[in-house]
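Here's the structure we're looking at; comments come further down.
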Amino acid sequence: MCGIFGYIGKKDAALILLDGLATLEYRGYDSSGIYVSGAGNVKTIGAVENLRKIIPKNFYGTSGIAHLRWATHGEPTERNAHPHTDCAKSVWVVHNGIVENYKELGELLSLRGHKFQSSTDTEILAHLVEEEMKLTKEFPAAVSAALKKVRGTYGAAFMHGGEPNLIVAARMGAPVVIGCGTEENFVASDASPILRHTRHVVYLHDGDVAIMRQNSHHIQTLEGAAAGRASHTIEWDEAQVQKGGYDHFMLKEIMEAPGVVENAIRGRIVTSGGLAKFGGLEAVKDKLRDVKRIVIVGCGSAYYAGLVGEYMFEECAGISTEVEFGSEFRYRKPVVDDHTLLLAISQSGETADTLEAIREAKRKGALALGIVNTVGSTIARECDAGIYNHAGPEISVASTKAFVSQLTILALVTVFLGRQRNMSLATGREILAELTQIPVKIDKILQQKDKIRKLIARYSSFRDFLYIGRKYNLPIAYEGALKLKEVSYVHAEGYGAGEMKHGPLAMIDENFPTVAIVFQDSVYEKMISNIREIEARKGPVLALATEGDNDVSALVRDVLFIPKTLEILSPILAVVPLQLFAYFNAVEKGHNVDRPRNLAKSVTVE
Ligand code: M6R
């Protein structure tokens, strides 16, 4: 949540910062602001478009910092927008995170005469640095000293009016990436705004402080000791963070699903042996043989992907599995031992609750693996081993292609773990062979895009939806409902079809449609009975059914046909039309699809 971006070099900083902020917009869009050394500070409510409009002519300087806010402390007003400054308007700061002890620090600073202009926790940081500057004339040392007093999380960048050739960035619990260009350097919450300038980046670790100038960057700890951090080359290119001709990132990312599956399986299948292989698991493969229990953690869509994983691991690999929200796991007293595998799923690799769950499980002796999309992210670094999705950057707040990729990798991990245990060669081969067919099958579904768009006319007026499924596709019912809520602001509930009679059936009437996932699989007959019960109460039903299943077409109001696949892989196909359904519903309603209200892409606060 919140995005920071900073530039120091020889070019027009405002131009670079505004362009970079536009790329970061998915991280927050309540308010935005910029400080350019020598030019001053501008901020406004809303995102970059608004900011761009009010930047004065001749707002010129060659270094600066900028911010997009997702409000935590204080209303999303101009006053609360970043950058924040101190009493003398010398220290400027942009911040992603939360200063937990802001009240007590604020009281101390007030006693020393500081006056605050906003109701944010971030402003405290500027005043703290101002206070430290009285003791040390060194700006980087003052920033470090100030941050030592802070409890909470920050990914922050600081500037001082008197030192235009210096940005000090720091990280504690919120991501910070340094981009290393030629005679210019960048700092950002993630690599997306940096990519058009350089692919060479350094990821800060918690407790790191980066001292950046036009021609150099030096990374040290809060205590001042040198911290050698390796430089990485990003594989993504700039085109991947552009819309590429689509109206929205969400649609572009849904349409990328076939390629995403190909990228997830590339080089990971050994057809002859019916085996899956992962470079990232080599070092721990013997430990994985000893795993007796798996706990999957994730939040939102990643959690639902985990629920599919639970079915896969238990049925096909024979390993007892549980799935937990990251936010719950860390506050329970989870029973975890050194035969437990903690599998964290996260697109961003920065979700605070998932990260804390990993830390808690590791403390208790579990082996922690990650399925993560963002290379170099905190979760990727903190897990003992892991698998990258290689799905490319996901910009739309609603997770689509990353979810498809997570399911694909879970299927591969099922074969990996299953073949270490009792899964037969034939079953391993069968799953893997079918996985290679999934991209073509998703393509067939995507070709129904216009049909799904037209369907919206029949469903867009409904205010409530039920999504039902069983077994592998129950989590897809949850995910389908989440997508609709998230981008269309329509109430939707995912429910186990078998549970309908235990309560929700009471809500069904002609104004309460149900989306039912009913494939010709091990729960087909049961699903058909549940749909009949809904039909009998006049509930409109839109079904996802197996291609050629005319019985379902005869039973329900609308059907979308999905190519036949193995039951274990069917969720990968089922989710795609539900993503499109939510997308077109949101477009029909005129919502800002890529940036749903109140949400941010990467949830780095609890
Ligand atoms: O980056 P993560 O995968 O850890 O994010 C987890 C959730 O915040 C995320 O899946 C969220 O639920 C999406 N907006 C859903 O579309």
Side-chain angles (χ1 to χ4, degrees), residues 4-9 35 37 63-65 83 86 90-97 99 101 105 122 124-191 194 198 200-234 350 355 359 376-378 380-382 604:
I4 66 164
F5 188 38
Y7 171 76
I8 188 158
Y35 166 78
S37 184
S63 59
I65 49 179
D86 60 343
S90 297
V91 178
W92 295 88
V93 59
V94 290
H95 167 225
N96 169 27
V99 178
N101 54 340
L105 291 173
T122 299
I124 299 289
L125 298 176
H127 292 269
L128 269 181
V129 176
E130 180 178 34
E131 200 56 30
E132 293 298 334
M133 286 290 281
K134 292 178 189 163
L135 304 173
T136 165
K137 298 290 167 232
E138 282 266 285
F139 185 53
V143 171
S144 296
L147 291 176
K148 281 192 206 158
K149 301 196 158 76
V150 169
R151 216 173 48 240
T153 53
Y154 50 81
F158 296 80
M159 288 194 77
H160 191 282
E163 298 208 48
N165 187 25
L166 177 62
I167 295 178
V168 181
R171 176 199 157 120
M172 182 66 74
V176 178
V177 188
I178 307 294
C180 316
T182 311
E183 296 194 64
E184 57 186 4
N185 284 303
F186 305 83
V187 55
S189 297
D190 64 47
I194 295 176
T198 175
H200 302 296
V201 299
V202 177
Y203 298 101
L204 295 196
H205 293 200
D206 280 352
D208 282 356
V209 175
I211 301 163
M212 301 164 53
R213 300 180 197 275
Q214 182 190 313
N215 288 311
S216 67
H217 68 270
H218 169 75
I219 301 171
Q220 59 186 44
T221 64
L222 276 174
E223 280 68 36
R229 301 288 175 230
S231 162
H232 298 260
T233 305
I234 304 243
E350 301 294 348
L355 182 59
R359 289 177 178 159
S377 56
T378 314
R381 288 205 312 266
E382 292 211 10
T604 52

Going from [atom1] on [X] to [atom2] on [Y], what distance comes out if it is rounded to the nearest 0.5 angstrom?
{"X": "T153", "Y": "H95", "atom1": "OG1", "atom2": "NE2", "value": "5.5 Å"}
{"X": "T182", "Y": "Q214", "atom1": "OG1", "atom2": "CD", "value": "11.0 Å"}
{"X": "E163", "Y": "E138", "atom1": "CD", "atom2": "CD", "value": "7.5 Å"}
{"X": "S231", "Y": "I178", "atom1": "OG", "atom2": "CD1", "value": "11.5 Å"}
{"X": "S37", "Y": "L166", "atom1": "OG", "atom2": "CG", "value": "10.0 Å"}
{"X": "M159", "Y": "M212", "atom1": "CE", "atom2": "CE", "value": "9.5 Å"}

Side chain to side chain, [X] and [Y], heavy atoms closer than 4.5 Å:
{"X": "F139", "Y": "V91", "value": "yes"}
{"X": "K148", "Y": "E223", "value": "yes"}
{"X": "N185", "Y": "C180", "value": "yes"}
{"X": "V93", "Y": "V129", "value": "no"}
{"X": "N165", "Y": "I8", "value": "yes"}

With a 3.5 Å distance limit and no angle check, can you tell me whether T136 reaches the backbone of A142 through a side-chain donor-acceptor pair?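 No.
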Closer than 3.5 angstrom, by distance alone: can the side chain of E350 be matched with the main-chain N or O of T378 as a donor-acceptor pair?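 Side chain of E350 to backbone of T378: a pair is present.
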Would you sort out whether V94 and Y35 count as a side chain to side chain contact (heavy atoms under 4.5 Å, CB included), showing the intermediate values? CA-CA 9 Å; V94 290; Y35 166 78; over 6 Å; no
Do you know the tightest heavy-atom contact between [X] and [Y]?
{"X": "V187", "Y": "A169", "answer": "CG2-CB, 3.7 Å"}
{"X": "V177", "Y": "A191", "answer": "CG2-N, 4.2 Å"}
{"X": "S144", "Y": "Q220", "answer": "OG-NE2, 4.5 Å"}
{"X": "R151", "Y": "N101", "answer": "N-OD1, 2.9 Å"}
{"X": "S189", "Y": "I4", "answer": "OG-N, 2.8 Å"}
{"X": "P140", "Y": "I211", "answer": "CB-CD1, 3.8 Å"}

Could you tell me whether D86 and K134 have a side-chain N and a carboxylate O separated by less than 4.0 Å?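 Salt bridge absent between D86 and K134.
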Could you check V202 against H217 for side chain to side chain contact (heavy atoms under 4.5 Å, CB included), going step by step and ending with a plain yes or no? CA-CA 10 Å; V202 177; H217 68 270; 4.0 Å; yes
Using the side-chain hydrogen bond (donor to acceptor under 3.5 Å, both in side chains) rule, pick out the option among D208, D206, N96 that qualifies with R171.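 Looking at D208, D206, N96, the match for R171 under the side-chain hydrogen bond (donor to acceptor under 3.5 Å, both in side chains) is D206.
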Which label fits Y7 and F186: parallel for a plane angle under 30°, tilted from 30 to 60°, or perpendicular past 60°?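 Y7 and F186: tilted rings.
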Derivation and outcome, side chain to side chain contact (heavy atoms under 4.5 Å, CB included), residues V209 and L222: CA-CA 6 Å; V209 175; L222 276 174; 3.7 Å; yes
